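All values below come from the heavy atoms of this structure, side chains included, with hydrogens, waters and symmetry mates left out. Order of the sequence lines sets the chain letters (A, B, ...), proteins ahead of strands, with each chain counted from 1. Note that the structure is predicted; figures quoted are calculated from it, not measured.
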Number of protein chains: 2
Amino acid sequence: MAARDYGEYGGVTRALELVGERWALLIVRDLLIGPRRYGELAAGLPRIPSNILAARLKELQAAGVIRRAPRSRVIVYELTPYGRELEPVVLAFGAWGFKAMGEPRDEQIITPDSMTMDLRAAFRASVAASLPATAYGARVGGVELLVRVNGAALQVTRGDGPVDLAFSAGPGIHRLISGELSPDRAIASGAVELLRGRGELLGRFASTFHLAA
Amino acid sequence: MAARDYGEYGGVTRALELVGERWALLIVRDLLIGPRRYGELAAGLPRIPSNILAARLKELQAAGVIRRAPRSRVIVYELTPYGRELEPVVLAFGAWGFKAMGEPRDEQIITPDSMTMDLRAAFRASVAASLPATAYGARVGGVELLVRVNGAALQVTRGDGPVDLAFSAGPGIHRLISGELSPDRAIASGAVELLRGRGELLGRFASTFHLAA
DNA sequence: CCGCATCCCATGTGATACTG
DNA sequence: CAGTATCACATGGGATGCGG
């Protein structure tokens with residue numbers, strides 16, 4: 001049960017003993033969005049074997065990172081306060097990895113939670129603070145998210161609602177956020193398709209969410 | 001050679017594919033201190049098997065995180081610019097794990113590089129900025145480091161030199177940095193032993209390096 | 001059906017030995 | 001010193017089972 005250790009006494013080593021096992025940090029990532037049921041976690045981690053998911057959940061509990069909580073008759077997993085302190089780590093990790101994302105391979109999918117965390121990682125609060133509040137409807141690879149930016153605050157939720165701009169994109173949206181593709185050319189090339197609302201707001205979106213390689 | 005993937009297209013997933021394998025982030029941690037030779041890496045990662053070290057070095061090169069560089073007849077490994085961008089990740093990871101460090105187990109050792117990174121993670125630049133420049137000689141678990149604080153700048157090197165305060169400590173130093181033990185009580189309890197210089201500077205050290213649980 | 005537990009096999013890991 | 005080779009073993013992956 002005790003995670004394999006590294007024989008070293010140090011901060012990074014300790015962190016890796018707690019959340020360094022395969023899949024562990026992805027479970028944490030999804031729980032940073034909100035509490036999740038076992039099945040929801042399994043769905044968000046497309047290819048995790050069920051025995052591994054069960055094992056990780058136990059280990060993360062033993063490590064004090066997550067806990068089981070009964071929510072109105074069903075059991076959900078949620079982060080402990082200490083687990084929530086992993087948010088800067090996951091965001092930094094996500095921002096770093098984002099820059100190395102090329103084109104997706106065929107079997108690679110996008111999940112609502114992974115996309116939410118990518119948007120959080122790319123969010124530039126200081127830029128958004130000086131822009132008008134805006135709601136975007138973003139549809140990427142079968143995932144539809146409602147993205148509300150209000151000053152320096154960002155809220156990403158599933159489902160939809162009233163938006164100022166709705167657009168649909170392939171994974172090429174990654175190149176819009178990286179600055180590799182300008183908003184105009186993203187539309188012209190078909191990488192982003194405008195669905196509803198004011199199309200010029202795509203520029204504002206690209207300013208708000210940006211992670212240069 | 002290609003790291004096992006997670007079947008998902010996202011920033012965190014991509015990052016884990018690149019540096020998520022066992023030992024990989026520890027290699028990066030040591031290389032963040034400076035270029036290292038193969039043998040130095042092996043010495044800093046006490047129990048890594050040589051075949052694993054060799055495999056990780058190849059994978060990290062293929063991932064564009066590190067590179068081999070010829071330095072005056074010997075080969076050293078160093079981070080690429082992209083690899084160096086992992087510094088915030090490693091620091092955040094180290095700060096998080098530091099808070100979960102209990103007492104060391106018997107077989108756990110402290111290496112110069114791990115201790116250097118822990119000090120960097122615990123360094124509070126904003127606090128140090130308003131304190132006089134100070135040089136500490138810190139000896140912990142057989143590792144001796146020269147710690148120079150100059151305004152908001154921190155420099156940690158091996159070996160020794162002129163210092164304002166030299167002290168020796170067991171791993172209990174961790175409790176000084178966490179605030180669990182006051183400087184006075186650290187000395188009184190023997191957790192920290194003053195060697196040279198002005199003992200009252202230990203309080204300044206504890207203010208400069210702090211990571212509360 | 002959800003939340004796991006079991007089984008089996010492929011692969012990665014770890015200790016040791018070995019080579020240029 | 002800087003790796004490579006080998007082999008036993010632990011872990012991960014995928015399918016399946018099963019109780020509440």
Handout entry: Distance-minimising heavy-atom pair for B/D164 and B/A133
Key = OD2-O, 4.2 Å
Fill in the blank from the handout: B/R73 CZ to D/dC1 P, in whole Å, measures 17 Å
Exercise for the section: Is it possible for you to check whether B/R22 lies under 6.0 Å from the centre of the six-membered ring of A/Y6, through NZ or CZ, and within 45° of that ring's axis? Expected result: yes
Handout entry: Heavy-atom donor-acceptor pair, A/N51 side-chain to D/dG14 base, under 3.5 Å
Key = yes
Handout entry: For the student: nearest non-hydrogen atoms of A/V163 and A/G137, plus distance
Key = CG1-N, 3.6 Å
Problem - Check: B/F98 ring centroid to B/H174 ring centroid under 6.0 Å - result: yes
Problem - Integer-rounded Å distance: D/dG12 P and B/L16 CG - result: 14 Å
Practice task
Answer with yes or no whether B/S50 presents, from its side chain, a donor or acceptor under 3.5 Å of a partner atom in the base of C/dA15.
Solution key: no
Exercise for the section: Return no unless some side-chain N or O of B/R47 is found under 4.0 Å from OP1 or OP2 of C/dT13. Expected result: no
Practice task
For the pair B/Y38 (side chain) and B/S50 (backbone), establish whether a donor and an acceptor sit closer than 3.5 Å, ignoring hydrogens and angles.
Solution key: yes
Problem - Distance below 4.0 Å between B/W23 side-chain N/O and C/dT13 OP1 or OP2 - result: no
Handout entry: Evaluation steps, side chain to side chain donor-acceptor pair (under 3.5 Å), between A/T134 and A/R204
Key = CA-CA 9 Å; A/T134 315; A/R204 188 185 294 174; 2.7 Å; yes
Fill in the blank from the handout: Rounded to whole Å, CD1 of A/I48 lies from P of D/dA15 at a distance of 15 Å
Problem - Close side-chain approach of B/Y77 to B/L60, heavy-atom, < 4.5 Å - result: no
Handout entry: salt bridge (charged side-chain N to carboxylate O under 4.0 Å, His left out) partner of B/D113, chosen from B/R120, B/R158, B/R29
Key = B/R158
Fill in the blank from the handout: A/Y77 atom OH is separated from C/dG3 atom C1', nearest whole Å, by 8 Å
Problem - Interatomic distance, B/L26 CG vs C/dG14 P [rounded to whole Å] - result: 12 Å
Handout entry: C/dG3 phosphate, OP1 or OP2, under 4.0 Å from A/K58 side-chain N/O
Key = no
Exercise for the section: Answer yes or no: does a side-chain N or O of B/R22 lie under 4.0 Å from OP1 or OP2 of C/dG14? Expected result: yes
Problem - Enclosure of A/R84 CZ (heavy-atom neighbours >12, cutoff 6.0 Å) - result: yes
Handout entry: Selection: residues 27-40 of chain B, any non-hydrogen atom under 4.0 Å of DNA chain D
Key = B/R37, B/Y38, B/G39
Exercise for the section: Using the criterion of both pairing distances under 3.5 Å for Watson-Crick and G-U wobble pairs, give all stems of 3 or more consecutive pairs involving DNA chain C. Expected result: C:1-19 with D:2-20
Exercise for the section: Please say whether more than 12 non-hydrogen atoms of neighbouring residues, nucleotides or ligands are located less than 6.0 Å from CZ in B/R185. Expected result: no
Practice task
Measure the distance from CD1 on B/I52 to P on D/dG3 and round it to the nearest whole Å.
Solution key: 15 Å
Problem - Distance, rounded to the nearest Å, where A/L53 contributes CG and D/dG14 contributes P - result: 14 Å
Exercise for the section: Compare side-chain N and O positions of A/R68 against OP1 and OP2 of C/dC4 and report whether any pair is under 4.0 Å apart. Expected result: yes
Practice task
Round to the nearest Å and state the distance from B/R4 atom CZ to D/dG12 atom P.
Solution key: 8 Å
